[in-house]
Amino acid sequence: MPELPEVEMVVRGLRDDMVGRTFLNMRAEWAPQLGDTTPDAFAARLSGQKVEALWRRGKYVVFELTDDYLIIHLKMTGRLYIAREGEVYDADRFLRVVFGLDNGYELRFSDVRKFGRLYLVSDVEGVVGKLGPEPLDGDFTLEAFRARLGNRTRNIKALLLDQSFIAGVGNIYADEALWLAGIAPQRKADTLTAEEQERLYHAVRSVLNEGIAREGSSISWYRKPDGSAGSYQNFFKVYGREDEPCPRCGTPVLKLWIAQRGTHYCPHCQT
DNA sequence: CGGACAACCTGGCGGC
DNA sequence: TGCCGCCAGGTTGTCC
């Protein structure tokens, strides 16, 4: 489900309701999502901790607490939303964890595929420390991007998906960025010209910003915390558009497998 | 470093 | 209608 823009919308949608709240309790229906921690231990450690801040790092949602960090990765189908105690929502069909808050509301985590992961740690870097730079941060400059690309021999699609290379880009935004930059996904990273590097740098930031402006892509499971859908899926140029004409040149969009992921691109104007 | 593949899970959809 | 196989916004570990 969620890539950087979707996770950003989740964080923005929860922030006002969550900052300042204190966790009273927690109930987990599927313990494996807590890693090695038992639900009881997780709940005991979390209870009484107040949310001081809420932010995003890559695709991770980070609740900065009194003593610890509650970190949640939504993986493919995870959702976070606020509900009044006892109130029932559609997403509750796949409810996995419920956090009781000090104001009569709950933070709920639902996740169809159970891939999502929750961490409660004192050291945030232990979870997010290996992530690459935030592509929308001011210090992620063209020069920084060039330096990271320089000697990498992998194909560019695989590299964009590598979270230690850049944090937050996933399958949709990788395909869209490569289309916008006019670069074929199977190109080896170290063969990009200076001009192509620059086009890709701007394309990555552009599609992520546009994704946020459109409030994310709601293809199947992703919804904002308030339950509404994003609209960026209506603006995809190639993702999910196999056989449809390329919006730039009319050539049918191809789908193939690169880095074990379905990859969509225009074989004519992405070179 | 990098590629391939299996695992972790469940639901939706297209094909027959 | 029903069943089956395939596919899915992600990551991690293993093997070569």
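Note on naming: letters A, B, ... go to the chains in the order of the sequence lines (proteins, then strands), and numbering restarts at 1 for each one.
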Whole-Å gap separating C1' (dC6(C)) and CE (M76(A)): 13 Å
Sugar-phosphate, base or nothing in reach of S218(A), heavy atoms under 4.0 Å: base
Salt-bridge contact K59(A)-E3(A) (side-chain N to carboxylate O under 4.0 Å): no
Whole-Å distance separating the CZ atom of F236(A) from the C1' atom of dA8(C): 13 Å
Euclidean distance, atom CG of residue L131(A) to atom C1' of dT12(C) [Å, nearest integer]: 14 Å
K130(A) vs dT12(C): side-chain N/O to OP1/OP2 distance below 4.0 Å: no
D90(A) CG: over 12 foreign heavy atoms closer than 6.0 Å: no
N or O in side chain of K59(A) less than 4.0 angstrom from dG10(C) OP1/OP2: yes
Rounded interatomic separation in angstrom, taking CG from L74(A) and C1' from dT11(C): 13 Å
Rounded P spacing from dG2(C) to dC9(B) in Å: 29 Å
Measure all distances between protein nitrogen or oxygen atoms and nitrogen or oxygen atoms of nucleotides 10-16 of chain B, and list the pairs falling under 3.5 Å.
{"from": "dT10(B)", "atom 1": "OP1", "to": "K114(A)", "atom 2": "NZ", "distance (Å)": "2.8"}

Passing candidate, side-chain hydrogen bond (donor to acceptor under 3.5 Å, both in side chains) with Y265(A), options K237(A), Q270(A), Q186(A): Q186(A)
N/O donor-acceptor pair under 3.5 Å between Q163(A) side chain and G168(A) backbone: yes
Between CZ on residue R56(A) and CG on residue L4(A), distance to nearest 0.5 Å: 3.5 Å
Strand contacts (DNA chain B) in residues 149-158 of chain A, 4.0 angstrom heavy-atom criterion: R152(A), T153(A), R154(A), N155(A)
Main-chain N/O of E64(A) paired to E52(A) side chain as donor or acceptor, under 3.5 Å: no
Salt bridge D92(A)-R108(A), side-chain N to carboxylate O under 4.0 Å: yes
Atom P, compared across dG10(C) and dC1(B): separation rounded to whole Å: 22 Å
Euclidean distance, atom CZ of residue F165(A) to atom P of dG2(B) [Å, nearest integer]: 10 Å
Distance test, side-chain N/O of H73(A) to OP1/OP2 of dT11(C), below 4.0 Å: yes
Between P of dC1(B) and CZ of R148(A), the distance in whole Å: 11 Å
Interatomic distance where CG belongs to D162(A) and P belongs to dC1(B) [whole Å]: 10 Å
Side-chain (R223(A)) to main-chain (R79(A)) donor-acceptor, under 3.5 angstrom: no
Heavy-atom side-chain contact between V112(A) and W221(A) under 4.5 Å: yes
d(CD1, I72(A); P, dG10(C)) in whole Å: 18 Å
Phosphate contact (dG3(B) OP1 or OP2) by Q260(A) side-chain N/O below 4.0 Å: no
Whether F115(A) stacks on the six-membered ring of dC8(B) base, 5.5 Å and 30° limits: yes
Donor-acceptor contact present, side-chain E176(A) to main-chain V238(A), <3.5 Å: yes
F109(A)-F99(A) aromatic ring centre distance below 6.0 Å: no
Involving DNA chain B, stems made of at least three consecutive Watson-Crick or G-U pairs, both distances under 3.5 Å: B:2-8 with C:10-16, B:10-16 with C:2-8
Greater than 12 external heavy atoms within 6.0 Å of N234(A)'s CG: yes
